[in-house]
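Written out below as structure tokens is the structure these notes cover.
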Amino acid sequence: MRHLMSPLDFTREELEQLMDLADDIKNHPDKYSEKCHGKKLATCFYEPSTRTRLSFEAAMLNLGGSVLGFSSADSSSAAKGESVSDTIRVISSYADICAMRHPKEGAPLVASSRSLIPVINAGDGGHQHPTQTLTDLFTIRSLRGEIKDLTIGLCGDLKFGRTVHSLINALVRYPGIKFVLISPEELRVPEYIREDVLEKNGYEYKEVDTLDDVMGELDILYMTRVQRERFFNEEDYIRLKDFFILTPEKMNLAKKDMMVLHPLPRVNEIAVDVDDDPRAMYFTQAKYGVFIRMALILTLLEIPC
Ligand code: CP
């Protein structure tokens, strides 16, 4: 039995197979509409979510399966003090696979160690968000043809933004990737990512605190929200929340084929006027999340395709 805690749980070859399957699902959805008939997905979300939870549920429904679960800690017995270990032991007898989001880093890993069914980390604190990374990789591959020789700007809250941590971990396996890390000093990428992931693997990167100066270099701009829920005080959040705002004027500085991604939700960091720019791909990215999650469910349940 296999779980997904980090994008590194899959080899690069397995990631390619997963994306090939997602591609086939995107092009031939009818072929897959009964593949999970009789199977159940549990979504155990101890933290708010729109895309991740609902795209997992849409994925299982598209595969002909069923879904059950809870969308907040308050509406589960966690509110009475139940541990994730006990919860997953119980859910193992109700469902065939579980997607779990938790504010505590490592909670889905603890659950996986006690689980009798595959557990998918759907975001744990400021740590990892592997299925967002699968979505990001699949979006890049689908829209650019391959993941290779790209200058990728990661902009915003690189300290608490778990999607960025997972994405860097995954992208260092691809050739010719250069990173431009764009953030205020206080929200820089954690040291363990800089030293253990980027420097150890000899990856080219630079850290800057202005967007305008680097716009023209980028093939992909990955914007992120400042993660209010991870700040210790509101004053710091207010001071930093509007540090970067992507506007149509800034888009004028970018390459004609630069792609803008964002894991969403967006707050202020991308002006709504940018949505009409053909380079704004974040809603397509959210749509592609369903296809890759369908492929992931089929793979972890070892359903022949
Ligand atoms: N991208 C993402 O994780 O969105 P949600 O928080 O809405 O699931």
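Hydrogens, waters and symmetry mates are skipped; everything else that's a heavy atom, side chains included, is used. Counting starts at 1 for both ligands and their atoms, in listed order. Only a predicted model underlies this, so the values are computations on that prediction, with no experimental measurement involved.
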### Identity and distance of the protein heavy atom lying nearest atom 6 (O) of ligand 1
Arg101 NH1, 2.9 Å
### Query
Within 45° of the axis and under 6.0 Å from the centre of the six-membered ring of Phe45, does NZ or CZ of Arg101 qualify?
no
#### Entry: Those atoms of ligand 1 less than 4.0 Å from some heavy atom in Thr52
2 (C), 3 (O), 4 (O), 5 (P), 8 (O)
For residues 208-224, dump all side-chain donor-acceptor pairs below 3.5 Å to protein atoms at least two apart in sequence or in another chain.
| unit_1 | atom_1 | unit_2 | atom_2 | d |
| --- | --- | --- | --- | --- |
| Thr210 | OG1 | Asp213 | OD2 | 3.1 |
| Glu217 | OE1 | Lys206 | NZ | 3.2 |
| Glu217 | OE2 | Lys206 | NZ | 3.1 |
| Asp219 | OD1 | Lys255 | NZ | 2.8 |
| Asp219 | OD2 | Thr151 | N | 2.7 |
| Tyr222 | OH | Asp136 | OD2 | 2.7 |
| Thr224 | OG1 | Cys155 | O | 2.9 |
| Thr224 | OG1 | Asp157 | N | 3.1 |

### Message
Evaluate Asn27 against Asp24 for side-chain hydrogen bond (donor to acceptor under 3.5 Å, both in side chains), listing each step before the verdict.
### Response
CA-CA 5 Å; Asn27 295 328; Asp24 199 53; 5.7 Å; no
### Task
Verify the distance criterion only: is there a donor paired with an acceptor across the side chains of Thr131 and Arg293 at less than 3.5 Å?
yes
### Message
Under 4.0 Å between a side-chain nitrogen and a carboxylate oxygen: does that hold for Glu191 and Lys159?
### Response
no
### Summary
Restricting to heavy atoms, the pick from Gly289, Ser55, Pro263, Ser49 nearest atom 1 (N) of ligand 1 would be Pro263
### Message
Could you check whether Tyr174 and Glu146, counting side-chain N and O atoms only, form a donor-acceptor pair closer than 3.5 Å?
### Response
no
## Note on the structure
Note: ligand 1 atoms sitting under 4.0 Å from heavy atoms of His129 are 2 (C), 3 (O)
### Task
State the atoms of ligand 1, each with its element, that fall below the 4.0 Å cut-off from a heavy-atom position in Leu264.
1 (N), 2 (C), 4 (O)
### Task
Return the residue, atom name and 0.1 Å-rounded distance of the protein heavy atom closest to atom 4 (O) of ligand 1.
Arg51 NE, 3.1 Å
### Task
Pull out every atom of ligand 1 sitting under 4.0 Å from any heavy atom of Thr50, numbered as shown with elements.
5 (P), 7 (O), 8 (O)
